[in-house]
Amino acid sequence: MPEVNLHASAVAVREIRLNTITGFTGKATELLAQQRCGGLVDQPRSFTQCLGCSTSNAACMVTLVQDGVVISHGPVGCSSCLHEFAFTYRVNAPLRGISHASQRHIYSTNLSEEDTVFGGNQKLADTIRAVASRDDPRVIFIITTCASGIIGDDVEGIADQAEEELGIPVVAIFCEGFRSKVWTSGFDAGYHGIARKLVRPPRQKRPIINVINFWGSDIFSRWFKRFDVTPNFITPYATAESLSYSSEALASVQACTTLGSYLSGALEQHYGVPALRAAPPYGVAATDRWLRALGALLGKPEVAEAIIADDHEQFLPQVHELRARLKGRSAYVTAGAGHGHSLLAVLAELGIRAQGASLFHHDPVNDFDNEDADALVAMVHDYGDVPNLSICNKQEFELVNVLNRIRPDILLARHGGMTLWGAKLGIPSLLIGDEHFGMGYEGLVNYGEAILESVENDEFVKNLSRHSVNPYSKWWLEQPPYAFLGDDT
Amino acid sequence: MSKQPKQIAIYGKGGIGKSTTTSNISAALSDMGYRVMQFGCDPKADSTNTLRDGASIPTILDLLREKKKVDAHEAIFTGYNNIYCVEAGGPAPGVGCAGRGIITAVQLLKQQRVFEELDLDYVIYDVLGDVVCGGFAVPIREGIAQHVFTVTSADFMAIYAANNLFKGIQKYSNAGGALLGGVIANSMVHPYQSEIVDDFVRRTHTQVMQYVPRSITVTQSELGGKTTIEASPQSTQAAIYRQLARRIDEHHQSAVPHPLEPSELRDWAASWADTLVAIESGEVREAVGAGI
């Protein structure tokens, strides 16, 4: 089992910890066969477009903590995109019952050329104190950048010293962009800091289940209520306090195994909070299994059976109806690893043929070392193979090429900026940022209706395609989509 | 839970004899029955050569250059008396960032919990030169090394480097960093040299761990690719290194040094310049420091 080592200040990146890859093309079954025999090899690209940065992903994990503030220790450009998380926090707050979303407090130490020469330690120390007195936060997160990492500022030492002085957790998060090509390493860095500095050793058990997720709608409370437990959402809309007692939960579940992998592993290995061994509940089969696994873990299998029976009765007739209306349709998916697998399951459950998927990375193993929680394994087991599976860290030139060839009836995307490629080609494209929208039995109804609405209202994208200019040349669109994959020149 | 090794870092100006001293300390500690790792933090990557018959070993950063995933054990070799030898390595002269190299190498071993796994009694970091940047300060912060010793001669530039190290230690001392154990006075030939070092340690509130005379035995041993402890165990010089190792073993309480300010250091050096001229010219003066 990959060991979660909370003694080291920096988390081991995914390439090293989990053998995660960002380059592959083939069938889903081929990918799984390679991962099972230990033969999974990352295929490099001889040309790539830009990638996301770990510092931004770490910021994503900690900016949405209600009573925390974030300090980016680096040049101001490294924090130029972080305001996006303030937007995310504000617009999704109603999904979690927060009527007045407070302002996010994101700072930069604005390292200058002079600071890279003389060191930024003092500037960081001063910033922490200024931020503490200005905002009175319950926790301060410091996210590092390439500049502070290379000059070797003592971020950990300064954080520890400030923590002692201020009496609140000051969490150093090591997320320099150059350390990893896998964007989720930034999530791990955020979780690593939280697990090291915020989570307290348990004093008692609480009737809560940790839900490691993004900012999706709350589908869990309805289910959990029948088990007499409540969700402890991590990290969006959590508080320093609620994160601190996550060690006292009865279990941890994740909306997406790749997202929850590290923190679930940390809470299990260090505080004995079991990670639920089931793929996230997308599709009927996976939702049945997930509820049963939860019922078994909580010692309430009869409650799980009751929920399954009730929800089947309520939602499956609508699912059958949608299947009939969606019959013969095809789709292509672009999303992060775990959630992309779940979307493929949703499509299969609705009777839509997945023509392929472009997923941002692939973990052959998770931090609690369990194949039952692997959503791709579950999807292939429940619904069969998927062709044209590409592991591709948002290389849009590959996506455009593939879409141009495959021409699915709909493109499903989880991330802003991806659907435009489908729309420009006249392909109806559906962006759903709420990752819980397709969860459970009602999620199938939600997605089915949204897909139907998109494919039946394609006039806009058709019109758009007639008037848009594709920035990629005819030459490139005629090349094989993975022409630059597997060539290390 | 496995025991925590005693971790010490040895700093000093380039060419002052750090690796020689460190390797002899490692060898002597291993002779005392301890499980020792010597961790060279110098892009030259020759810290551990005399523990391995003069042979070089692949460095952590060499391995990282070849493949992105390195099992720390691939970079650990055994030398004299089963001392574990590791070299951080680094970029070629004039390119890249040697400081970041040290951060990367130390992180790799920490993340893989190598020190705990090998059940070590001692980890000794042999760190290049002066504390020139944040990377070179890594062994003295983040709770890595507990004690720092600096090797210096009576040469002004070596003392200048030692004083800089003291500043680094003082800076990190409030944040749980390593503290100063003392000074190893190397290449002692004339009495006035030990007197200069004595005067410096008195002013900076530290101590001399050992006076190590310049010795042809050391040179002979090194040319044969060995430490003095291994090549000439009966020699006077080996006895001195063993005494140093025993003192380090018995040393438990380090302290925050009081580095001299630049003007103080300059004035101090100037006063010694006058004294040395007087010694050269045979002028009779009252003794300046302790020990004369």
Side-chain angles (χ1 to χ4, degrees), chain A residues 2-22 40-42 44 73 115-122 124-125 144 146-165 170 172 174 176 178-182 185 188 192 488, chain B residues 1-2 4-5 7 41 60 63-64 66-72 74 88 90-91 96-117 127 131-145 167-178:
Chain A
E3 188 195 10
V4 174
N5 176 4
L6 297 182
H7 295 282
S9 56
V11 68
V13 298
R14 288 219 176 185
E15 291 95 323
I16 289 170
R17 208 177 73 243
L18 304 180
N19 287 321
T20 299
I21 63 159
T22 54
L40 190 61
V41 177
D42 195 13
H73 184 41
D115 297 320
T116 64
V117 175
F118 295 107
N121 287 344
Q122 192 57 48
L124 176 61
T144 60
C146 295
S148 61
I150 292 169
I151 65 174
D153 272 355
D154 183 23
V155 179
E156 173 95 340
I158 289 163
D160 288 349
Q161 206 176 348
E163 179 168 294
E164 204 176 315
E165 184 188 314
V170 181
F174 294 89
E176 300 87 356
F178 57 71
R179 290 181 58 222
S180 178
K181 276 198 300 182
V182 182
S185 287
D188 299 340
H192 184 70
D488 197 16
Chain B
M1 191 170 164
S2 61
Q4 288 297 315
Q7 302 201 44
C41 297
I60 294 175
L63 294 168
L64 272 173
E66 287 164 19
K67 50 186 180 179
K68 66 184 179 188
K69 182 169 179 173
V70 170
D71 180 343
E74 294 173 49
C97 178
R100 181 69 207 176
I102 294 178
I103 297 174
T104 305
V106 171
Q107 270 184 0
L108 187 119
L109 261 68
K110 276 191 85 176
Q111 284 171 348
Q112 297 188 22
R113 289 178 165 275
V114 169
F115 304 147
E116 292 91 334
E117 189 189 312
V127 192
V131 191
V132 289
C133 70
F136 287 89
V138 163
I140 58 171
R141 62 182 215 221
E142 295 183 15
I144 293 178
K167 286 182 185 170
I169 294 171
Q170 191 184 41
K171 180 182 287 295
Y172 293 113
S173 62
N174 293 331

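Chain identifiers are assigned alphabetically (A, B, ...) following the order of the sequence lines, protein sequences preceding nucleic acid strands; residue numbering begins at 1 within each chain.
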Identify the two heavy atoms, one from A:Arg179 and one from B:Gln111, that lie closest to each other, and give their separation to 0.1 Å.
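The answer is NH2-NE2, 3.6 Å.
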Heavy-atom pair of closest approach, residues A:Gly149 and B:Ile103
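Closest approach of A:Gly149 to B:Ile103: O-CD1, 3.7 Å.
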Atom pair CD/NZ of A:Glu15 and B:Lys67 - distance to nearest 0.5 Å:
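NZ of B:Lys67 is found 15.5 Å from CD of A:Glu15.
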Just verifying a value: how many Å separate B:Ile140 CD1 and A:Asp154 CG, rounded to the nearest 0.5 Å?
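Atom-to-atom, B:Ile140:CD1 and A:Asp154:CG are 9.5 Å apart.
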Between [X] and chain B, with a heavy-atom cut-off of 4.5 Å, which part of the residue counts as in contact: side chain, backbone, both or neither?
X        : result
A:Ile151 : backbone
A:Phe118 : neither
A:Val13  : neither

Has A:Asn5 got a side-chain atom pairing as donor or acceptor with B:Lys110's backbone, closer than 3.5 angstrom?
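Yes: the side chain of A:Asn5 pairs with the backbone of B:Lys110.
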With respect to chain B, which residue among A:Glu164, A:Arg17, A:Gln161 yields the maximal number of heavy-atom pairs within a distance under 4.5 Å?
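Greatest number of close heavy-atom pairs with chain B: A:Gln161.
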